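For reference, the structure discussed in these notes is given below.
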Amino acid sequence: MNIIEKENGIILEEVADFDPKHIFECGQCFRWRAEEDGSYTGVAMGKVINVKREGNDVIIDNTTKEDYENIWRDYFDMDTDYGKIKSTLKEFDEYLDKAVDFGWGIRILRQDSWEMLISFIISSNNRIPMIQRAIENLSERYGKLIGEYRGKKYYAFPTPEELNKATQEEIRECKTGFRDKYIKSTCKSVVELGLDVKNFRKLSTEDCCKELKKFNGVGPKVCDCIALFGMQKIDTFPVDVWVKRVMQEFYIEEDMSLPKMRKFALEKFGDIAGYAQQYLFYYARELGIGK
DNA sequence: TGCCAGGAGAAGT
DNA sequence: ACTTCTCCTGGC
């Protein structure tokens, strides 16, 4: 892969396994929006960038080669060989084979641990557009202004200290609904105990989950999402409604409980279960499987 | 207008 | 270890 600098951005030449639509719409992130030209603009790691694919090239606008090396290379998980993961998954069965071909450009973003903790607390019993709106509201009110891009103002996700300044009522005003108390309680714990949740990455998957579930509003599913998307724990398998539907369609009986479904998938896919979950989720949601 | 989707937590068995 | 109920919002 060759990196070329352009006016206010960079071009990554000949990038394999990278498609913005697949990456930003496979249920892992909430701050990316599709533009009319098919590109995506979003906020991550305190910056605003725009990402699009042209042929085999990926164009990242509003950034520098330096930021790519320091931030985006890690964020987009560029040092992981998705070709290898995909061929392993395709070997499993005809369903994975189809799901991987369908979401060929998916990558699991290495997102901020703290942002994922709060984002997935908001996700509980909630729909994606509502989750996106609540996160935007919290960022606008409590996060730092990053600046303007294409005529729109963008705000960073608030730090624990910034968000902890909000009262439960103020958090609710951001359209978080009944999760207001979970967010308040989690902010309070993190700030008062002086925790840096990013350090949970160093723990084993099991211990990491144990720690995450201590926070109010973090149950089994939310915990799996934070571990997978915010802690890079690939041996997890979050079972949401779409994954449940696709599992019932392809692998298991209707009446299997969620914990058993999770166990089944972990045993089947092993330490790449998290990748399998992403391809299956995207496939199920885009095609409306099991609805 | 009423009804539905979407998970955690609490209280029950 | 399981089941059941409530929590809130927006869209149909």
Side-chain angles (χ1 to χ4, degrees), chain A residues 25-31 33-34 111 113-142 163 166-190 197 200 206 208-231 233 236-249 252-267 273-274 277-278 280-291:
Chain A
E25 293 188 13
C26 65
Q28 62 178 328
C29 53
F30 303 107
R31 302 208 66 191
R33 302 285 181 276
Q111 301 179 81
S113 306
W114 159 251
E115 182 176 337
M116 293 301 101
L117 172 58
I118 299 301
S119 297
F120 281 99
I121 287 175
I122 295 169
S123 82
S124 89
N125 213 262
N126 208 350
R127 302 159 126 89
I128 290 173
M130 299 299 103
I131 304 166
Q132 291 175 334
R133 195 148 74 116
I135 294 171
E136 288 314 312
N137 290 338
L138 289 175
S139 301
E140 214 175 294
R141 292 207 196 178
Y142 302 103
L163 194 52
T167 63
Q168 188 179 318
E169 291 68 32
E170 289 167 335
I171 290 170
R172 195 176 197 120
E173 283 165 17
C174 294
K175 298 288 172 192
T176 56
F178 61 88
R179 308 154 196 89
D180 57 353
K181 52 190 175 295
Y182 303 152
I183 297 168
K184 185 67 227 176
S185 151
T186 297
C187 282
K188 217 167 162 248
S189 300
V190 168
V197 291
F200 292 2
E206 202 193 330
C208 178
C209 284
K210 222 179 270 175
E211 289 303 314
L212 286 172
K213 282 184 198 155
K214 287 181 185 169
F215 294 114
N216 223 317
V218 181
K221 190 268 179 178
V222 167
C223 169
D224 278 341
C225 288
I226 302 163
L228 180 58
F229 305 128
M231 309 275 175
K233 301 299 183 193
T236 53
F237 194 84
V239 183
D240 67 355
V241 282
W242 287 108
V243 174
K244 180 181 158 206
R245 285 173 186 149
V246 76
M247 291 290 286
Q248 286 170 336
E249 188 84 10
I252 54 167
E253 295 302 315
E254 286 275 326
D255 59 0
M256 189 185 273
S257 70
L258 294 182
K260 281 187 181 156
M261 220 178 268
R262 177 182 187 275
K263 191 163 177 274
F264 174 92
L266 285 177
E267 282 168 4
Q277 194 269 6
Q278 285 294 273
L280 289 171
F281 174 94
Y282 185 70
Y283 189 57
R285 198 162 86 100
E286 290 291 309
L287 300 181
I289 285 171
K291 257 215 118 170

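Quick caveat, the model's predicted, so the values are computed rather than measured.
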The salt bridge (Lys or Arg N to Asp or Glu O under 4.0 Å) partners of A:R245 (sequence neighbours excluded) come to none
Sorted by chain and residue number, the side-chain contact (heavy atoms from CB on, under 4.5 Å) partners of A:R141 (sequence neighbours excluded) come out as A:E173, A:C174
With sequence neighbours left out, the residues meeting ring pair (Phe, Tyr, Trp, His ring centres under 6.0 Å) with A:F120 are A:F30, A:F229
Sequence neighbours excluded, the answer for salt bridge (Lys or Arg N to Asp or Glu O under 4.0 Å) partners of A:R33 is A:E136
Check your understanding: How about A:K188: does its NZ atom have over 12 heavy atoms from other parts shown lying under 6.0 Å from it?
Key -> no
Sequence neighbours excluded, the answer for side-chain contact (heavy atoms from CB on, under 4.5 Å) partners of A:M261 is A:V239, A:K244, A:M247, A:Q248, A:I252, A:M256, A:L258
note: A:I121, atom CD1; B:dA8, atom P; distance rounded to Å ~ 10 Å
Salt bridge (charged side-chain N to carboxylate O under 4.0 Å, His left out) pairs touching residues 220-229 of chain A, sequence neighbours excluded, are A:D224-A:R262
Per the under-4.0 Å heavy-atom filter, residues of residues 256-264 of chain A near DNA chain C come out as none
Interface polar pairs with nucleotides 9-13 of chain B, N/O, under 3.5 angstrom:
unit_1	atom_1	unit_2	atom_2	d
B:dG9	OP1	A:G217	N	2.4
B:dG9	OP1	A:V218	N	3.2
B:dG9	OP2	A:V218	O	3.4

Stems with DNA chain B, 3 or more Watson-Crick or G-U pairs in a row (under 3.5 Å), are B:2-11 with C:3-12
Has A:S113 got a side-chain atom pairing as donor or acceptor with A:M231's backbone, closer than 3.5 angstrom?
no
Taken in chain and number order and not counting sequence neighbours, the residues that satisfy side-chain contact (heavy atoms from CB on, under 4.5 Å) with A:A134 are A:I122, A:T176
Applying side-chain contact (heavy atoms from CB on, under 4.5 Å) to A:E140 and not counting sequence neighbours gives A:Y155
Quiz item: Can a salt bridge be assigned to the pair A:E211 and A:K214 using a cut-off of 4.0 Å between side-chain N and carboxylate O?
Solution: yes
What pairs of nitrogen or oxygen atoms, one from the protein and one from nucleotides 4-6 of chain B, lie under 3.5 Å apart?
unit_1	atom_1	unit_2	atom_2	d
B:dA5	O4'	A:R127	NH2	3.3
B:dA5	N3	A:R127	NH1	2.2
B:dG6	OP2	A:R245	NH2	2.9
B:dG6	N9	A:N125	OD1	3.2
B:dG6	N9	A:N125	ND2	3.4
B:dG6	N7	A:N125	OD1	3.2
B:dG6	N1	A:N125	OD1	3.2
B:dG6	N2	A:N125	O	3.0
B:dG6	N3	A:N125	O	2.5
B:dG6	N3	A:N125	OD1	3.0

| For atom NZ of A:K213, is the number of surrounding heavy atoms from other residues, nucleotides or ligands below 6.0 Å larger than 12? | yes
